[in-house]
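Excluded from the calculations below are hydrogen atoms, water molecules and symmetry mates; all remaining heavy atoms, backbone and side chain alike, are included.
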Amino acid sequence: MPTRITSDPTEEAFIDAIYEAAVVVDRWPIVLQNLADHYGAGGAMLFSVVGSDQQVIVTDGFAPTFERYVTEGYMSPNERAAPLVAEHAPCFRSNADYRTAAQRAAMPVYRDLLIPAGFEHAVGTVVQGPHHSMLAMTLEGMRSEEAAHRALPSLDRLRPHLARALSLSAHVGLSRHRLIVDTLAITGCPAATLAVDGRLMAANREFESVLGSRAVDPHRRLRFLDACTDNRFRGAMQIGMAKAASASFIVAGQADGRPCVVHVIPLRRLARDVFGSNGFVMIVADGHNRATPNADLLRVLFDLTAREAALVRYLADGRTIAAAAGAMGIAVTTAKVHLRRVFEKTGCTRQAELVALVSTYTALPTPRYRDA
């Protein structure tokens, strides 16, 4: 049992919750939200660096603003947090301790994002963790500069407990990412987890084996060597961030590997809590599937039936809808029904648009359908 440094019942309750979250990392979003509510903040965030790995936990109230913070380029370089990290004071600081209101208003990150979103005022602290780790916690969107300063003494009393708890949970949280991708590897599924800015949190050997020659991770940010593929990857991540929806894209085959489909699945709600951060899970599928007759990459990518995939391939090969129907042994009216369903699944509205879309996925083997 840790030594108590406060007789405030609220702070006592927070200390218990903090040490619980140290091991049960799923509790951090709740602890953060309760701290934000108690101190009148709009949200809260934990950021940790363990070796070359990083992870972020953000409460729902601050999550949309933080995603913009990352995607709009304010994270690199992180000018807003630079003074806090540089000073590394053994206490909480307000951002007003480092910059005046006029200085903040002149900075693009405040002027264009934080001030309009209601997150100008914040308090935070940096903790030196064990074994090459650094941790930071912030309460974002304090009601005013004065409210931020009033919260500092109470937060400083909690800080020793937060420092110990965060040091432990940072390592536990990263091991969670490793455990998930290794568990998927048992079933032969190539998988990786990514942060919202594309940083690789963890990847299993299967993922590295399939995509290792087609992707690189400078500064641990995943990037595909082929520009078109990389654009598809970035687009899939943008869909995940903007619409909280999954997306898929094809990675063309090379001499050392078959083409494959990569599914990008955003972490939301309980899934985000399980992983201890925002971001994505990526899993890789290919057209070779012993459990599924007539396996086909187009089917994996767009969730097409065998008939729909066959029709698309005939059309992409330059055949008319009538010629495709004849080759498939079905009526033209039936082929048109299939085509309408394909439009719904691919988001296309015209046959030419569909052909143009499919033509971007080159080097795809054409399967032989036993049950077309």
Side-chain angles (χ1 to χ4, degrees), residues 189-190 210-211 213-215 224-240 242-266 282-372:
C189 179
V210 172
L211 296 180
S213 62
R214 303 180 233 189
F224 288 87
L225 296 176
D226 176 72
C228 291
T229 303
D230 198 61
N231 287 337
R232 294 172 196 153
F233 165 56
R234 303 298 164 191
M237 290 185 63
Q238 289 174 3
I239 290 172
K243 301 180 180 180
S246 61
S248 305
F249 63 96
I250 275 188
V251 179
Q254 293 181 335
D256 58 349
R258 296 188 300 267
C260 59
V261 170
V262 178
H263 301 299
V264 181
I265 305 164
M282 293 178 63
I283 59 175
V284 181
D286 63 29
H288 179 65
N289 189 327
R290 289 174 298 183
T292 304
N294 306 330
D296 181 356
L297 269 179
L298 284 178
R299 297 182 65 183
V300 173
L301 184 63
F302 297 116
D303 197 26
L304 304 181
T305 67
R307 285 181 179 272
E308 291 165 354
L311 175 63
V312 169
R313 288 185 177 279
Y314 282 126
L315 296 177
D317 196 39
R319 303 197 190 192
T320 64
I321 187 75
M328 295 172 63
I330 60 176
V332 173
T333 54
T334 303
K336 289 182 177 179
V337 170
H338 290 321
L339 184 58
R340 284 198 298 272
R341 291 173 180 167
V342 170
F343 283 162
E344 293 172 359
K345 293 178 179 181
T346 60
C348 297
T349 57
R350 296 180 297 108
Q351 186 172 322
E353 183 183 2
L354 174 66
V355 171
L357 174 65
V358 174
S359 67
T360 64
Y361 304 131
T362 59
L364 300 183
T366 302
R368 290 188 175 183
Y369 294 103
R370 296 194 301 271
D371 184 21

Exercise for the section: Output all residues satisfying side chain to side chain donor-acceptor pair (under 3.5 Å) with D226, sequence neighbours left out; order by chain, then residue number. Expected result: T229
Fill in the blank from the handout: Rounded to the nearest 0.5 Å, the CD atom of Q351 sits from the CD1 atom of I321 at a distance of 5.5 Å
Fill in the blank from the handout: In terms of heavy-atom contacts, L311 and L339 come closest through CD2-N, 3.7 Å
Fill in the blank from the handout: Residue set satisfying ring pair (Phe, Tyr, Trp, His ring centres under 6.0 Å) with F224, at least two apart, ordered chain then number -> F233, F249
Fill in the blank from the handout: Those residues at least two apart in sequence (or on a different chain) that pass salt bridge (Lys or Arg N to Asp or Glu O under 4.0 Å) with R319 are none
Handout entry: Heavy-atom check, side chain of L211 versus side chain of V262, under 4.5 Å
Key = yes
Exercise for the section: Could you tell me whether D317 and R313 make a salt bridge, using a distance below 4.0 angstrom between a side-chain N and a carboxylate O? Expected result: no
In residues 325-335, what donor-acceptor pairs under 3.5 Å come from side-chain atoms, sequence neighbours left out?
none

Practice task
Flag the pair R214 / L225 as yes when at least one side-chain heavy-atom distance between them is below 4.5 Å, and no otherwise.
Solution key: no
